[in-house]
Every structure is written in C-alpha cells, then in structure tokens.
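Working notes for the structure below.
Quick caveat: nothing in here was measured; it's all calculated off a predicted structure.
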Amino acid sequence: MITTVVVIGGFTACSNSEKEAAKHDADNFTLYVDSVENATPVYTAANWTVIDNGYQERVMKAEKAMDKIEADDKARAEASKAKYAALKADYEAKIKAAEVSQDKASGDYRLILRNRLFGEGKIGADMKFNYVTANNILSVYENFVNTVEKNKDEFTREDWDEIKVLYEALDSRKNEVEKDLATRDNLKIAGLKIKFAAIKATHRIVSKIEENEKAKN
C-alpha cells in the first residue's frame, strides 16, 4: 500500500512538473510574439531572419506543449500565432517596399525594371531582345505578365511608362519569331496579352492619379 502511494505520488509530481514546463514554453512563446509587436521595427531581411529564427524555436516548443496546458493558455498561444502571421505579412511587405525604394535611389529604375521583368542582365540599354526565340517567348511573356501582376500596386507612373515601352518591344520581337511559334504557345500568349492589358488599363491610370494628387499637396 505504501509503495503504491509513493508510486502515485511520483507520477503526480512528474505530471505537475511536465505541466509547469509546458506552461512555461507556452508563456515564453506568447511573450516573444508580444515583444516583436512592441519592438521598434527595422525593415530589413537580415533583421527579420533573426526575429523569425527566434519565433520558430519558440513555436516548436509551444506546439509540443499544447496537449499539456490549460484551455486559456492554449487560446493565448493560438492568438499569438495569428498575431505573428499578421506581423510577418506587414514586415515582408515593408521590407519589399524598402528594397524597391533603395534600388530606385541607388540605380537606374529602367535597368531595375528590365531585370525584374526579364531576368538579370537579359535586356540592356540597347533594348535588344535577341535572346527571345520562338522556343522561349511564351515563358518570357509569362514571367513579364506575372511579375507585373504581382507588383502592380507598387509601380509609379514612370514605371508604367517604362513597362509600356518594354512590352511593345517584346511584342515587336514576337512579330519577328511568330512564323516559328507553335500555335498552342501563340494562343497562350494571346491570353497573357489580354491579362496584361486589363492590369495596365486599371493600375497605370491609378498611378497617374496618385502622382497628380501628390503634386497638388
């Protein structure tokens, strides 16, 4: 009987110790996310890497603790996950905006755009599209249109003017290689051209309006 009591007591002590450790990990995770939210933000990829590494370390421990903590602590941990997801989205958007701004401040925005839309060093100041052939032109159009769509909200009026020039130059190259272009690829390109026209029609006008409004203020 005494032995049984001792064994039960040992299990209880062990169970309580595990619960305390689990609560500690969950609390540590929640406090970390709060500290990220309250810290003065530094919008650089290097800083975010440090923050995210700290998060990943703590969230792994918190997830292991979930089945050992009280419902209130579990709810707080889940809320912290949602809070961190929102913080991450905000950081990533502002890091990207800061990088674009830095690129424009440090170099020729036309060259930057060409590299983003076609690949590093593909299109130089001479605007030659010799690398575009009937075999790869579909992928060139896909990259161009998808990149424009992904970044459409951040382009300035100057960017859109340059995008228009680049697009027209790509179309001219298409005319040169079209005789060797597969019908299937030609149809897909036609769809991409419709998609691009719709994006440009909306967002180029918006960027001009925003620029005019800024000029008035």
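Side-chain atoms of Asp180 never come within 3.5 Å of backbone atoms of Asn135 as a donor-acceptor pair (strictly under, hydrogens ignored). Not a single donor-acceptor pair under 3.5 Å links the side chain of Thr202 to the backbone N or O of Ile199. Under the 3.5 Å distance criterion, the side-chain polar atoms of Asp159 are matched with a main-chain donor or acceptor of Thr156.
Checked against the 6.0 Å centroid criterion, the rings of Phe118 and Phe129 qualify as a close aromatic pair. Aromatic ring centres of Phe196 and Phe144 lie closer together than 6.0 Å. Checked against the 6.0 Å centroid threshold, Tyr91 and Tyr43 count as a close aromatic pair.
Environment of CD in Glu70: sparse, with no more than 12 heavy atoms of neighbouring residues, nucleotides or ligands closer than 6.0 Å. In this structure, Lys122 places its NZ atom where only 12 or fewer heavy-atom neighbours from other residues, nucleotides or ligands lie under 6.0 Å away.
Tracing side-chain contacts under 4.5 Å through hydrophobic residues (I, L, V, M, F, W, Y), one never reaches Met60 starting from Val50; they form parts of separate clusters. Two different hydrophobic clusters hold Leu87 and Val42 under the rule that ILVMFWY side chains link at heavy-atom gaps under 4.5 Å. Both Ile137 and Met127 are part of a single hydrophobic cluster, where members link through side-chain heavy atoms under 4.5 Å apart. Connection of Tyr32 to Ile69 is not established within any shared hydrophobic cluster, with ILVMFWY side chains joined at heavy-atom distances below 4.5 Å, either directly or through further cluster members. Linking Ile, Leu, Val, Met, Phe, Trp and Tyr whenever their side-chain heavy atoms come within less than 4.5 Å puts Val165 and Tyr141 in one cluster.
Salt bridge annotation for Arg173-Glu178: absent, with no cationic side-chain nitrogen under 4.0 angstrom from a carboxylate oxygen. By the 4.0 Å N-to-carboxylate-O rule, Arg116 lies close enough to Glu154 to be salt-bridged with it. Residues Lys23 and Glu20 are not paired through a salt bridge, judged by the lack of any N-O separation under 4.0 Å between the basic side chain and the carboxylate.
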Checking Glu158 against Arg110 for the salt bridge (Lys or Arg N to Asp or Glu O under 4.0 Å) test, could you report, in this order, the C-alpha distance in whole Å, the side-chain angles of both residues, the deciding distance, and whether it holds? CA-CA 9 Å; Glu158 286 182 329; Arg110 292 181 179 86; over 6 Å; no

Go through the steps for Asp171 and Lys193 under the test side chain to side chain contact (heavy atoms under 4.5 Å, CB included), then give the verdict. CA-CA 9 Å; Asp171 269 356; Lys193 288 165 72 69; 2.8 Å; yes

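Pairing each heavy atom of Val145 with each of Leu192, the nearest pair is CG2-O, 3.8 Å. Across every non-hydrogen atom of Leu111 and Ile123, the tightest pair is CD1-O, 4.3 Å.
Note that the CG atom of Asp67 and the NZ atom of Lys19 stand 10.5 Å from one another [nearest 0.5 Å]. The line from OG of Ser80 to CZ of Arg58 is 12.5 Å long, rounded to the nearest 0.5 Å. The CG atom of Asn47 sits 11.0 Å away from atom CG of Asp52, with the distance rounded to the nearest 0.5 Å. Atom CG of Leu138 is separated from atom OG1 of Thr133 by 11.0 Å, given to the nearest 0.5 angstrom. Annotation: the span from Ile189 atom CD1 to Ser139 atom OG amounts to 9.0 Å, rounded to 0.5 Å.
Residues Asn151 and Lys96 bring a donor and an acceptor atom of their side chains to less than 3.5 Å of each other. Residues Asp34 and Tyr84 bring no donor and acceptor atom of their side chains to less than 3.5 Å of each other.
Note on ring orientation: taking the six-membered ring where Trp is involved, the planes of Phe155 and Trp160 are perpendicular (angle over 60°, cut-offs 30° and 60°).
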